[in-house]
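Shown next, in structure tokens, is the structure this report addresses.
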Amino acid sequence: MNFKKTAGLLICAVMMCTAAAGCNKNKDSVKANTSNTAATTATTRVTQTGKIGEPASMKDIEVTIDKLYRSEYYGSQDEVLTCIVFLEVTVTNNTKNEIDANMLTSFEFEVDGKLHDSATLQAISSAKKQYGEDVDLFEDPIQPGETHSGIIAAELPHQFTEATLYFLPLGGGTGENYDASSAIVYTFDNGDLWTLTRPSDESGTTAAEESTEAE
């Protein structure tokens, strides 16, 4: 199954997931093609440190994670309370090939030293409630020379000490362009998350107010 078809099926699944919270991990987790699971190369991965709010480049791709938000949406994984985190991301593709920057294929989270299953239907559903149905979740490939801004949504434990985000510049998709050997790494804790309130009308059309930095 190719990426575009996978993304299409995923969006269809989201439309059927109407629960605001409490979806079970075994029911709402979404997986990329397991034949190219990036976690298998984590021990040999070449990494570069990135900083929130500043551009970082690797393999002719530039990425900026502009800000991290903890939303008011929540869920549950294995009966443990979770929070929904949104990342404002801008990606510039300076390669000669199209790339994917989707949460399913190009972003991984490690929480308190363990890989965490953050790509869930609950996260995507919450993003649509926060930003509206037309929110850009990087479903479409980024073409050569194109700069694209959008939202990466992730479901993380409500309480954690430290989280590590891996952005895989060429990790998206499958086939000959797949490369999970290198990653730009961002480390953050609860204090780095800005609070984002729900839209007042729950439609995602009203801009949410940004509060002071979470303590």
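Excluded from the calculations below are hydrogen atoms, water molecules and symmetry mates; all remaining heavy atoms, backbone and side chain alike, are included. Owing to the predicted nature of the structure, the values given are computational and were not obtained by experimental measurement.
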Donor-acceptor pairs under 3.5 angstrom involving side-chain atoms of residues 54-62: please list them, not counting sequence neighbours.
| residue | atom | partner | partner atom | Å |
| --- | --- | --- | --- | --- |
| K59 | NZ | D179 | OD2 | 2.4 |
| K59 | NZ | S182 | OG | 3.2 |

Who passes side-chain hydrogen bond (donor to acceptor under 3.5 Å, both in side chains) against [X], sequence neighbours left out?
{"X": "E72", "result": "none"}
{"X": "T92", "result": "T147"}
{"X": "S71", "result": "none"}

How close do [X] and [Y] get, counting heavy atoms only, and between which atoms?
{"X": "P157", "Y": "F160", "answer": "O-CD2, 3.4 Å"}
{"X": "P169", "Y": "A183", "answer": "CD-CA, 4.3 Å"}
{"X": "A119", "Y": "M103", "answer": "CA-CE, 3.3 Å"}
{"X": "A153", "Y": "A123", "answer": "CB-O, 3.4 Å"}
{"X": "E108", "Y": "L115", "answer": "OE1-CD2, 4.3 Å"}

Kindly indicate whether the side chain of [X], heavy atoms from C-beta on, has any atom under 4.5 Å from the side chain of [Y].
{"X": "L196", "Y": "R70", "answer": "no"}
{"X": "H116", "Y": "Q77", "answer": "yes"}
{"X": "I99", "Y": "V91", "answer": "yes"}
{"X": "Y73", "Y": "R198", "answer": "yes"}
{"X": "Y131", "Y": "I151", "answer": "yes"}

**Study point:** side-chain hydrogen bond (donor to acceptor under 3.5 Å, both in side chains) contacts in which one or both residues fall within residues 159-168, not counting sequence neighbours
**Key:** none
Verify, without hydrogens or angle tests, whether [X] (side chain) and [Y] (backbone) share a donor-acceptor contact under 3.5 angstrom.
{"X": "E139", "Y": "N102", "answer": "no"}
{"X": "D78", "Y": "V80", "answer": "no"}
{"X": "N93", "Y": "N97", "answer": "yes"}
{"X": "S125", "Y": "L121", "answer": "no"}

Distance in Å, [X] [atom1] paired with [Y] [atom2], rounded so as to fall on 0.5 Å steps:
{"X": "F107", "Y": "I152", "atom1": "CZ", "atom2": "CD1", "answer": "4.5 Å"}
{"X": "L68", "Y": "F188", "atom1": "CG", "atom2": "CZ", "answer": "5.5 Å"}
{"X": "D100", "Y": "T105", "atom1": "CG", "atom2": "OG1", "answer": "5.0 Å"}
{"X": "Y186", "Y": "K51", "atom1": "OH", "atom2": "NZ", "answer": "12.0 Å"}
{"X": "I124", "Y": "K129", "atom1": "CD1", "atom2": "NZ", "answer": "12.5 Å"}

Could you list the donor-acceptor pairs under 3.5 angstrom formed by side chains in residues 82-90, with sequence neighbours left out?
| residue | atom | partner | partner atom | Å |
| --- | --- | --- | --- | --- |
| T82 | OG1 | G75 | N | 3.1 |
| T82 | OG1 | G75 | O | 3.1 |
| T82 | OG1 | S76 | N | 3.3 |
| T82 | OG1 | E155 | OE2 | 2.6 |
| E88 | OE2 | Y69 | OH | 3.4 |
| T90 | OG1 | D66 | OD2 | 3.3 |
| T90 | OG1 | S149 | OG | 2.8 |

Check your understanding: Does the separation of the ring centres of F138 and H148 fall below 6.0 angstrom?
Key -> yes
